[in-house]
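First the structure, in the form of structure tokens, and then the observations on it.
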There are 2 protein chains.
Amino acid sequence: MAADVLDATFAALADPTRRAILARLMEGEATVTELAAPFAMSQPGISKHLRVLERAGLISRGRDAQRRPRRLEAGPLKDAMDWLANYRSYWEESYQRLDDLLGELDSGGPNAVGQESP
Amino acid sequence: MAADVLDATFAALADPTRRAILARLMEGEATVTELAAPFAMSQPGISKHLRVLERAGLISRGRDAQRRPRRLEAGPLKDAMDWLANYRSYWEESYQRLDDLLGELDSGGPNAVGQESP
DNA sequence: CGGTTTTATAACTAGATGGTTTTGTACCGT
DNA sequence: ACGGTACAAAACCATCTAGTTATAAAACCG
């Protein structure tokens, strides 16, 4: 799982405006002006956010006359979620038991749970 | 779900060094020097990354003599994953059908899938 | 006490980010 | 052909980020 894909995805998600844009796109395609409407921000400001989302592969651009409707592309979100899923046991009920278990296995040091290839 | 929590969490995850540190901490507590070892980076550099992770609530600091072992705190990761889970249907097989369905329900506008409260 | 280990802090730099205003470009409608 | 709408691109600015080196502080070891 390429590191820079996760880099770009998480970085794109680290901004509330961009997350709100993605949320809006769950309802379907939307033009730039539609996407800009809810925000107290200039249109070029929104376009910059859209460029970030696009470079992360989270949205794609269509065309309809002058309009360039954006569409949600959720693929990278799956990659992000897959990465996070490695940590699921650490926030679940069974956390303490599993943590202790790993602590005891520590001497052997097998990569038991899952890791990012560095 | 507070926006700045997600901001800090996703921002912290957007760096491969920090993700690798979290992966390392899955195996259990580790001191700063242990965490720094795998990287071609100065110790203060690693300490800065640790500060970012700590401010995002992703790690905590213990104490053992001079050492300040870090421990994984996975809580915020669950919040991040919960947010991502809203998009699950958009990368799954049934995506197209579900997307069309939402498009048709659009007029009524019930918050069917889930959204960030802005 | 004196030296070593471990970590933190400060000061600095280069480059990225998030926003602005201004301007340009493409397409529509009349 | 002309004016308006939709978007993009450029230039600029302030702030944040990721790294560095150098230094200080705290606790151990002998």
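Just so we're clear, the structure is a prediction, and the values are computed from it rather than from any experiment.
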Between [X] ([atom1]) and [N] ([atom2]), how many Å, whole number?
| X | N | atom1 | atom2 | result |
| --- | --- | --- | --- | --- |
| Ile46(B) | dT7(C) | CD1 | P | 12 Å |
| Gln43(B) | dT5(C) | CD | C1' | 11 Å |
| His49(A) | dT17(C) | NE2 | P | 12 Å |
| Asp7(A) | dT17(C) | CG | P | 11 Å |
| Arg67(B) | dA8(C) | CZ | P | 13 Å |
| Ile21(B) | dT7(C) | CD1 | P | 13 Å |
| Glu34(B) | dT6(C) | CD | C1' | 11 Å |
| Phe39(A) | dG18(C) | CZ | C1' | 14 Å |

Cationic N near anionic O, under 4.0 Å, Lys78(A) to Asp82(A):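 A salt bridge is present here (some side-chain N lies under 4.0 Å from a carboxylate O).
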
Arg70(A)/Glu29(A) salt bridge by N-O under 4.0 Å criterion: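 Looking at Arg70(A) together with Glu29(A), the answer is no, because their closest N to O distance does not fall below 4.0 Å.
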
Contact interval (first through last nucleotide) of DNA chain D with protein chain B, 4.0 Å heavy-atom: dA18(D) to dC28(D)

N or O in side chain of Arg61(B) less than 4.0 angstrom from dA8(C) OP1/OP2: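 So the side chain of Arg61(B) is within the cut-off, an N or O lying under 4.0 Å from OP1 or OP2 of dA8(C).
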
Point-to-point distance, once rounded to the nearest 0.5 Å, from [atom1] of [X] to [atom2] of [Y]:
| X | Y | atom1 | atom2 | value |
| --- | --- | --- | --- | --- |
| Asp64(B) | Thr31(B) | CG | OG1 | 9.0 Å |
| Thr33(A) | Gln66(A) | OG1 | CD | 9.5 Å |
| Trp83(A) | Met81(B) | CH2 | CE | 11.5 Å |
| Leu25(A) | Glu27(A) | CG | CD | 9.0 Å |

Touch class at under 4.0 angstrom, heavy-atom based, for [X] against every strand present:
| X | result |
| --- | --- |
| Arg70(A) | sugar-phosphate |
| Thr17(B) | nothing |
| Ser42(B) | base |
| Ser47(A) | sugar-phosphate |

Nearest to side-chain heavy atoms of Ala65(A), which nucleotide of dG18(C), dC27(C), dA10(C):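 Nucleotide nearest to Ala65(A)'s side chain: dC27(C).
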
Sole candidate of Asp15(B), Ile21(B), Thr9(B), Leu13(B) that passes side-chain contact (heavy atoms from CB on, under 4.5 Å) when paired with Leu53(B):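 Of the listed residues Asp15(B), Ile21(B), Thr9(B), Leu13(B), the side-chain contact (heavy atoms from CB on, under 4.5 Å) partner of Leu53(B) is Ile21(B).
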
Nearest-nucleotide comparison on DNA chain C, the residue closer to the 5′ end among Gln66(B) and Lys48(A):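 Between the two, 5'-proximity favours Gln66(B).
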
